[in-house]
Amino acid sequence: MIEEEVTPANAGRIAAQTAKQVIIQKIRDAEREMTFNEFKDRKGELITGIVRRFEKGNIIVDLNRAEAILPRREQV
């Protein structure tokens, strides 16, 4: 949790929208990093997932909290 008090002098609509976009991007970055950290130590390990779709020979697998791409060269 990050908490910071901000007192804008003349924050208009554009400044508020920009601040909102920056906050949303920071949240997305933090979520992406958390997902990466969850799976980085599992390299080389077998995990289970549900095949959701096929795209250009690749398989998209649902791993509950994330989706993974299984390239054609790694498929059996």
Side-chain angles (χ1 to χ4, degrees):
M1 185 164 124
I2 300 172
E3 195 172 316
E4 185 174 328
E5 186 175 333
V6 179
T7 54
N10 293 322
R13 181 181 58 83
I14 295 173
Q17 183 66 26
T18 302
K20 177 182 173 185
Q21 288 175 349
V22 169
I23 291 169
I24 290 171
Q25 185 61 43
K26 296 289 183 181
I27 291 171
R28 285 186 187 140
D29 291 344
E31 288 174 342
R32 190 176 301 117
E33 188 172 336
M34 285 174 51
T35 302
F36 175 77
N37 289 334
E38 179 180 344
F39 289 101
K40 73 177 181 180
D41 296 332
R42 300 178 80 179
K43 185 175 180 178
E45 191 178 316
L46 289 177
I47 57 175
T48 59
I50 299 172
V51 174
R52 290 295 178 195
R53 61 185 183 274
F54 297 92
E55 290 182 359
K56 301 176 186 175
N58 297 327
I59 297 176
I60 308 301
V61 182
D62 183 6
L63 303 173
N64 290 336
R65 298 181 76 188
E67 286 188 339
I69 299 173
L70 186 61
R72 185 174 192 85
R73 68 179 184 278
E74 295 181 12
Q75 297 173 17
V76 178

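Positions are given from 1 along the sequence. Please read all numbers here as calculations on a predicted model, not as lab measurements.
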### Task
Would you please name every residue forming a side chain to side chain donor-acceptor pair (under 3.5 Å) with Glu45, sequence neighbours left out?
Arg42
### Query
In the hydrophobic cluster built from side-chain contacts under 4.5 Å, what are the other members alongside Val51?
Phe39, Ile47, Phe54, Ile59, Val61, Leu63, Leu70
#### Entry: Between CD on residue Glu67 and OG1 on residue Thr35, distance to nearest 0.5 Å
11.5 Å
### Query
Pairs in or reaching into residues 49-66: which pass side-chain hydrogen bond (donor to acceptor under 3.5 Å, both in side chains), with residues at least two apart or in two chains?
Glu38-Arg65, Arg52-Asp62, Arg53-Glu55
### Message
Which residues pass the side-chain contact (heavy atoms from CB on, under 4.5 Å) test with Lys43, not counting sequence neighbours?
### Response
none
Under 3.5 Å, which donor-acceptor pairs do the side chains of residues 26-34 form with other protein atoms, sequence neighbours left out?
unit_1, atom_1, unit_2, atom_2, d
Asp29, OD1, Gln25, NE2, 3.0
Asp29, OD1, Arg32, NH1, 3.0

Below 3.5 Å, can you tabulate the donor-acceptor pairs from side chains in residues 16-23 to any protein atom, sequence neighbours excluded?
unit_1, atom_1, unit_2, atom_2, d
Thr18, OG1, Ile14, O, 2.9

### Residues, nucleotides or ligands: over 12 heavy atoms within 6.0 Å of Ile24 CD1
yes
